[in-house]
2 protein chains.
Amino acid sequence: MSFGDYLRQARLARQQQDKGYSLRQVAGRVGVEPAYLSKIERDIFPPPSEQMIVKLAEDLGEDPDVLLALAGKLSTELREIIVRRPRLFAELIRQLKDAPDHAILRMVREVTDGDW
Amino acid sequence: MSFGDYLRQARLARQQQDKGYSLRQVAGRVGVEPAYLSKIERDIFPPPSEQMIVKLAEDLGEDPDVLLALAGKLSTELREIIVRRPRLFAELIRQLKDAPDHAILRMVREVTDGDW
DNA sequence: TGTAGTGTGTATTAAACACTACACAAATGA
DNA sequence: TCATTTGTGTAGTGTTTAATACACACTACA
């Protein structure tokens, strides 16, 4: 699913329970033009800045990291961590490129002690 | 070490063995202005585009992924992979944020069968 | 039937980005 | 000593980004 599709779906789902999640209202709270958000939801405009993604995630009650991943971005927080150990991260990345999902799952479980 | 420092060090190391790695010559092969490369090496200008980073890595015989990580960037290749499984990646990221180096090392070894 | 709220199309723009052009001073080498 | 090569400073530029402004059409409903 694309970033825009995910966003629209999340907003509409929210709107069903809770009135107050029209495009205009969300745009208003997040602080952008409705027309702009509309185009993002339809993937006419690319995913917005990290700041705006985080604000959208907060407003919609979604996981910011999922939204960022869908947008193909890293949070600045993670970016800083990676810059501190580039060789280690480069190797991880190289493995990730070829790893099947179950291998990544295993890697995550390895660190989380399986509680995921 | 910063992106610029790493770049300059790599170029100078190369220049010692192999004449032909002056700032001008590298800039010439990579296709940018020497003054621009100079400023990048001194961290006056931020790391350049992904394309240029990859060209520099090729010319200097360095690992492009390390250079990209130092620059705080994702390769487009990896970005595409992440977009395909955002939830899985988001969880991995969340763990990475808190994981100490040895835990990440363990994850990498888990996938690489220890040959790193 | 009009009015309030919904989403969308077109046009425009300020600032940031990713560099280039060119001149210059210091060191190197013949 | 003169030409070359080295790296660097200043100034400027085309393109892209990240949006805004505003008008418009459709739907619901009172």
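We name chains A, B, ... by the order of the sequence lines, and we start the count at 1 in each one.
- Residue A:R42 places at least one side-chain N or O closer than 4.0 Å to OP1 or OP2 of C:dG9.
- Of all heavy-atom pairs between B:S22 and B:R11, the closest is C-NH1, 3.6 Å.
- Note that OG of B:S2 and CG of B:L70 are 8.0 Å apart. Values are rounded to the nearest 0.5 Å.
- Rounded to the nearest 0.5 Å, atoms CG (A:L74) and CD1 (A:I82) are 5.0 Å apart.
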Q: Summarise how protein sits on nucleotides 15-20 of chain C as a single string, 5' to 3': B when a protein heavy atom is under 4.0 Å from the base, S for sugar-phosphate-only contact, - for no contact.
A: ---SBB
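- With respect to B:K73 and B:E50, no salt bridge is recorded, no charged nitrogen being found less than 4.0 Å from a carboxylate O.
- What you find for A:M52 and A:Y36 is that their closest heavy atoms are SD-CE2, 4.0 Å.
- Residues A:R42 and A:S38 bring a donor and an acceptor atom of their side chains to less than 3.5 Å of each other.
- Looking at residues 8-26 of chain B, you'll see that no heavy atom sits under 4.0 Å from any atom of DNA chain C.
- To the nearest angstrom, C1' of C:dT8 lies 12 Å from CD of A:E41.
- Between the side chains of A:Y6 and A:E62, at least one donor N or O lies within less than 3.5 Å of an accepting N or O.
- Here the shortest heavy-atom pairing between A:D59 and A:R29 reads OD1-NE, 2.7 Å.
- Under the 4.0 Å criterion applied to side-chain N and carboxylate O atoms, A:D63 and B:R94 are assigned as salt-bridge partners.
- For the atom pair CG of A:L68 and CD of A:E77, the computed distance is 10.5 Å after rounding to the nearest 0.5 Å.
- Rounded to whole Å, atom C1' of D:dA21 lies 16 Å from atom CG of A:L37.
- Taking atom CD1 of residue A:I53 and atom C1' of nucleotide D:dA18, one finds them 12 Å apart after rounding to whole Å.
- In DNA chain D, consecutive stretches of 3 or more Watson-Crick or G-U wobble pairs with both distances under 3.5 Å are given as paired ranges: C:1-30 with D:1-30.
- Distance CD1 (A:I44) to P (C:dA11): 15 Å, rounded to an integer number of Å.
- In this structure, A:R8 is not positioned above the aromatic face of A:F3 in the sense of NZ or CZ being under 6.0 Å from the six-membered ring centre and within 45° of the axis.
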